[in-house]
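Below, chain A is the first sequence line, B the second, and so on; all start at residue 1. For the numbers below, each heavy atom of this structure counts, side chains included, while hydrogens, waters and symmetry mates do not.
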Amino acid sequence: MRIATWNVNSLNARLGRVEEWLAYAQPDVVCLQETKLADEAFPGLTFQALGYDTAHVGEGRWNGVAILSRVGLTDVEVGFGDGHADDAEARLVWATCGGVRVASAYVPNGREVGHDHFRYKLDWLARLRGHLEARCDPADDIAICGDFNIAPTDDDVWDPTAFVGATHVSEPERAALRSIVDWGLVDAFRVLQPEPRLYTWWDYRAGNFHKHKGMRIDLVLASRSLADRASFATIDRNARKGKLPSDHAPLLVDVADR
DNA sequence: ATGGTCGCGCAGCGA
């Protein structure tokens, strides 16, 4: 099974690129973030025609997450289901695809360390950890895929000195991510690709992509049973090139069937 | 030169 995650930065603006990419990458399960679509505008029929069932939760102008699957898609859940007031923002959707419990997650950006949105980010990550504790079993096949807006280590940014005091690299964010991983997950890409300075996101500005100034902030966090069967992982930099790219590249992980 | 670009939607915010 090929599992992919891609922050498309508007599915409306990116649909052509996504269709082209599905045709050549041939993923079985795709987690999309930042669709920026209301549910009624989600192009489900387009994906259906390509063989994918879909689940989408959107707001319209911001956020929005989806799962596409051509290996079955059942038991869709939106958000944390933790009994508290639902997150007003469309940042998390779950589905079971080919025996794997899959989440498409768009972690809040945080804006600046100490900002209200930064606290929202940390709270959001704590709720995700709580959801795992309450609703998931680490012995199952689980893949939490998405834009975490956190570079797990200094090996995941182009220049650590350029990010001192910045969001995406701060210790509270990294600790919140470690707390999620420590529940029983593995950074699947990092296990298969140990070399530093491989990125999934590059700022549109200043030619950063061509200067290799990026960050690895998109992750597939796989439960150990699933990660043990992972055979290949790559970041598809070609999808970041050419006309009208997202500022993120897709991340792919191949896992053998159980 | 201390910015630089996108997307949304029509100003300016968010990333």
Side-chain angles (χ1 to χ4, degrees), chain A residues 5-21 30-43 46 56-66 87-93 104-125 128 145-152 156-170 172-174 176-177 198-219 235-251:
Chain A
T5 184
W6 193 7
N7 179 324
V8 292
N9 185 21
S10 169
L11 186 55
N12 193 43
R14 217 68 59 210
L15 186 58
R17 293 293 302 251
V18 171
E19 290 182 86
E20 171 193 48
W21 178 78
V30 185
C31 295
L32 300 177
Q33 300 85 38
E34 281 206 89
T35 63
K36 298 186 178 179
L37 294 176
D39 287 333
E40 54 269 29
F42 182 77
T46 298
H56 176 255
V57 53
E59 302 168 44
R61 291 178 62 184
W62 291 292
N63 309 313
V65 287
D87 193 328
E89 300 184 357
R91 295 182 178 276
L92 184 64
V93 64
S104 181
Y106 178 45
V107 177
N109 174 286
R111 297 183 194 165
E112 290 174 37
V113 174
H115 193 283
D116 282 349
H117 203 263
F118 184 80
R119 285 181 280 277
Y120 169 56
K121 181 179 194 174
L122 296 180
D123 289 346
W124 197 96
L125 290 161
L128 178 57
C145 310
D147 177 0
F148 283 76
N149 272 315
I150 299 170
D156 301 309
V157 299
W158 60 272
D159 180 3
T161 65
F163 291 94
V164 172
T167 185
H168 293 59
V169 302
S170 75
E173 291 163 88
R174 286 176 169 172
L177 178 61
L198 297 169
Y199 311 127
T200 63
W201 171 85
W202 302 259
D203 198 309
Y204 283 122
R205 293 172 287 189
N208 274 10
F209 178 68
H210 300 286
K211 296 174 187 169
H212 305 290
K213 292 182 173 181
M215 305 178 85
R216 190 174 71 92
I217 58 176
D218 299 272
L219 307 174
I235 297 161
D236 183 6
R237 295 181 76 260
N238 287 321
R240 180 63 176 79
K241 301 175 184 175
K243 290 187 177 175
L244 293 174
S246 170
D247 45 355
H248 295 249
L251 168 66

- Item | Within-4.5 Å side-chain heavy-atom neighbours: A:Leu219 and A:Leu177 | yes
- Message: Side chains of A:Asn12 and A:Ser10: any donor to acceptor distance under 3.5 Å?
- Response: no
- If you check the A:Asn12 side chain, which of B:dC8, B:dA15, B:dG7 turns out closest? B:dC8
- Query: Quantified in whole Å, what is the C1' atom distance between nucleotide B:dG3 and nucleotide B:dC8?
  - Reply: 22 Å
- Whole-Å distance between B:dT5 C1' and A:Lys211 NZ? 13 Å
- Pairwise C1' distance, B:dG9 and B:dG14 [rounded to whole Å]: 13 Å
- Item | Length of the line joining A:His248:NE2 and B:dG7:P, which is rounded to integer Å | 13 Å
- Nucleotide nearest A:Asn9 (side chain, heavy atoms from C-beta), chosen from B:dG4, B:dG7, B:dC8: B:dG7
- Taking for each residue the nucleotide of DNA chain B bearing the nearest heavy atom, is the 5' side occupied by A:Thr35 or by A:Asn7? A:Thr35
- Item | Check: A:Val169 and A:Arg174 side chains under 4.5 Å, non-hydrogen atoms | yes
- Query: So do the side chains of A:His56 and A:Val93 get within less than 4.5 Å of each other, counting heavy atoms only?
  - Reply: no
- Is any side-chain heavy atom of A:Arg111 closer than 4.5 Å to a side-chain heavy atom of A:Thr167? no
- Task: Determine: side-chain N/O of A:Arg61 to OP1/OP2 of B:dG9, distance under 4.0 Å, yes or no.
- Result: yes
- Per atom distances to the A:Ala13 side chain, the nearest of B:dG14, B:dC8, B:dA15 is B:dC8
- Query: Can a side chain N or O of A:Arg111 be found less than 4.0 Å away from OP1 or OP2 on B:dA15?
  - Reply: yes
- Check the distance between B:dA15's P and A:Asn149's CG and give it to me in whole angstrom. 8 Å
- Rounded to the nearest angstrom, tell me the gap between atom NZ in A:Lys121 and atom P in B:dG14. 15 Å
- Query: Rounding to the closest angstrom, what is the interatomic distance between B:dG7 and B:dT2 at atom P?
  - Reply: 25 Å
- Item | Side-chain heavy-atom pair A:Tyr199, A:Phe209 within 4.5 angstrom cut-off | no
- Message: In this structure, how many angstroms lie between the P atom of B:dG14 and the OH atom of A:Tyr106, rounded?
- Response: 12 Å
- Note on the structure: From CZ of A:Arg205 across to C1' of B:dT2 the rounded distance in Å is 13 Å
- Separation of B:dT5 P from A:Leu244 CG (nearest whole Å): 15 Å
- Note on the structure: Between NZ of A:Lys36 and C1' of B:dG9 the distance, given in whole Å, is 11 Å
- Task: Respond yes when some side-chain nitrogen or oxygen of A:Arg14 is under 4.0 Å from OP1 or OP2 of B:dC6, and no when none is.
- Result: no
- Message: Let me spell it out: for each of A:Trp62 and A:Ser10, pick the nucleotide of DNA chain B with the closest heavy atom. Which residue's pick is nearer the 5' end?
- Response: A:Ser10
- For B:dC10 and B:dG4, measure between their C1' atoms and round to the nearest Å. 23 Å
- Item | Options B:dG4, B:dG14, B:dG7, nucleotide nearest the side-chain atoms of A:Ala206 | B:dG4
- Message: With a cut-off of less than 4.0 Å, is there a side-chain N or O of A:Ser246 near OP1 or OP2 of B:dC6?
- Response: no
